[in-house]
Amino acid sequence: MDTEIQGRAAHAADIRARAEAQMKAMGVDEAFVDRLVETFYGRVLAHPELGPVFDAKLSGRWPEHMATMKRFWSSIAFRSGAYGGKPVQAHTGVSDLTPGLFPQWLALFSETLDDIAPSAEAKVWFMATAERIARSLTLSLFYNPALDDPQRKPA
Ligand code: HEM
C-alpha cells in the first residue's frame, strides 16, 4: 500500500517537474502568471462589454477573484493542484453571460499575450489552453441539443 502511495507521489512529482521544465523553456514563471492575470483583468474591467458583466458579479470581490485566477492558471501551467474550484458552476451565476462574449474574451486575452508574453511559444500555449477551456465552458453552459439536429435547416 505504502509503495503504491509512494509510486503515485513520485508520478505526480514527475508530472510537475516536466510541466515546470516546459514552462521554463517558454520563459513562463509564477511572476509572469501574476502579471498576466493583473494585466488581463485590468483590461477586462475597462472593456465596454466584458467590464460590466464581470463587475456586476465581482464588485467588492475583485482581489479574491484575482487570487483565484492566479491559482487557476498556475495550477494548469505548473500542474501544481493549487486550484480546486468548479469553473462551470462559477459561471452559471453570471448574469448576462452570452456565448458572444467568449470570442471577445479570447480576443482580449490574445492582445494581452501579444503585449506581454515572454515568448511566441508561451502565447501559443496560453491561447490554446484558453480556447480549449472557453469551448468547454460554452458547451457546458449553452449547449442545446435541440439546436444540434442535423436535419434542422439553417434559418
Ligand atoms: C466572456 C467570458 C467570461 C465571463 C463573462 C466570465 C466571468 C466570470 C465571473 C464574473 C467570474 C466570478 C464568479 C464568482 O466568483 O462569482 C468568473 C470566474 C472564473 N472564470 Fe470566468 N468568465 C469568462 C470566461 C472565462 C474563461 C474563458 C475562463 C478560462 C480560460 C474562465 C475561468 C474562470 C475561472 C477559473 C473562474 C473562478 C471559478 C471559481 O470561483 O473557482 N472564465 N468568470
Side-chain angles (χ1 to χ4, degrees), residues 8 11-13 15-148 154-155:
R8 273 196 233 156
H11 183 60
I15 288 173
R16 273 202 302 278
R18 267 187 282 143
E20 207 153 302
Q22 185 198 4
M23 288 301 132
K24 196 173 176 195
M26 300 190 301
V28 172
D29 56 12
E30 290 286 356
F32 171 68
V33 172
D34 264 38
R35 197 149 91 87
L36 176 61
V37 169
E38 293 286 340
T39 311
F40 176 63
Y41 286 98
R43 294 182 185 190
V44 160
L45 203 44
H47 188 282
E49 295 195 39
L50 295 171
V53 175
F54 272 87
D55 203 40
K57 185 75 185 164
L58 285 167
S59 177
R61 289 197 296 125
W62 273 99
E64 188 189 317
H65 180 64
M66 302 296 269
T68 305
M69 296 315 296
K70 286 174 189 176
R71 268 201 313 279
F72 172 74
W73 278 109
S74 165
S75 200
I76 303 173
F78 302 106
R79 308 290 291 265
S80 66
Y83 171 80
K86 297 200 164 81
V88 174
Q89 261 134 293
H91 291 91
T92 54
V94 180
S95 313
D96 297 325
L97 178 57
T98 56
L101 286 174
F102 279 84
Q104 300 191 55
W105 189 107
L106 288 167
L108 196 60
F109 197 61
S110 172
E111 280 167 31
T112 306
L113 287 164
D114 280 339
D115 292 340
I116 66 167
S119 65
E121 293 77 14
K123 182 188 173 183
V124 168
W125 187 89
F126 275 91
M127 268 326 284
T129 306
E131 276 164 4
R132 213 167 49 238
I133 299 167
R135 203 160 43 242
S136 148
L137 278 176
T138 310
L139 282 172
S140 310
L141 295 166
F142 304 110
Y143 177 68
N144 178 351
L147 302 176
D148 201 20

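Just so you know, ligand 1 is whichever comes first in the structure, and atom 1 is the first atom listed for that ligand.
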Would you please classify the geometry between the Tyr41 ring and the Trp62 ring as parallel, tilted or perpendicular, with 30° and 60° separating the classes?
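If you compare the ring of Trp62 with that of Tyr41, the planes turn out tilted.
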Please state whether the rings of Phe126 and Trp73 are parallel, tilted or perpendicular, taking 30° and 60° as the class boundaries.
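Aromatic pair Phe126/Trp73 classed tilted.
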Could you tell me whether Lys70 and Glu30 make a salt bridge, using a distance below 4.0 angstrom between a side-chain N and a carboxylate O?
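Salt bridge between Lys70 and Glu30, a charged N being under 4.0 Å from a carboxylate O: no.
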[X] to [Y] - nearest heavy-atom pair and separation:
X      : Y      : answer
Asp96  : Val53  : O-CG2, 3.9 Å
Ser74  : Val33  : N-CG1, 4.0 Å
Ser110 : Lys123 : OG-NZ, 3.0 Å

Quick one: look up the protein heavy atom nearest [atom] and list residue, atom name and how far away it is.
atom                    : value
atom 9 (C) of ligand 1  : Val94 CG2, 3.8 Å
atom 2 (C) of ligand 1  : Trp105 CD1, 3.6 Å
atom 29 (C) of ligand 1 : Ile133 CG2, 3.4 Å

Within reach of ligand 1, part of [X] (heavy-atom separation under 4.0 Å):
X      : value
Leu101 : both
Met69  : side chain
Leu58  : side chain
Leu50  : side chain

Tell me the nearest of [options] to [atom], using heavy-atom distances.
atom                    : options                      : value
atom 4 (C) of ligand 1  : Phe54, Trp73, Phe72, Tyr83   : Phe54
atom 14 (C) of ligand 1 : His65, Arg61, His47, His91   : Arg61
atom 38 (C) of ligand 1 : Pro99, Gly100, Ala134, Ala90 : Ala90

List every atom of ligand 1 that sits less than 4.0 Å from any heavy atom of Lys57, numbering the atoms from 1 in the order shown and giving each element.
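The list of qualifying atoms is 10 (C), 16 (O).
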Suppose I only count heavy atoms of Gly85 and a 4.0 Å limit; which atoms of ligand 1 are within that range?
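So the atoms of ligand 1 that pass are 41 (O).
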Heavy atoms, side chains only, cut-off 4.5 Å: are Trp105 and Leu137 in contact?
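Heavy-atom side-chain distance check fails, nothing below 4.5 Å.
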Heavy-atom side-chain proximity of Ile116 to Glu38 below 4.5 angstrom:
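Ile116 does not reach Glu38 side chain to side chain.
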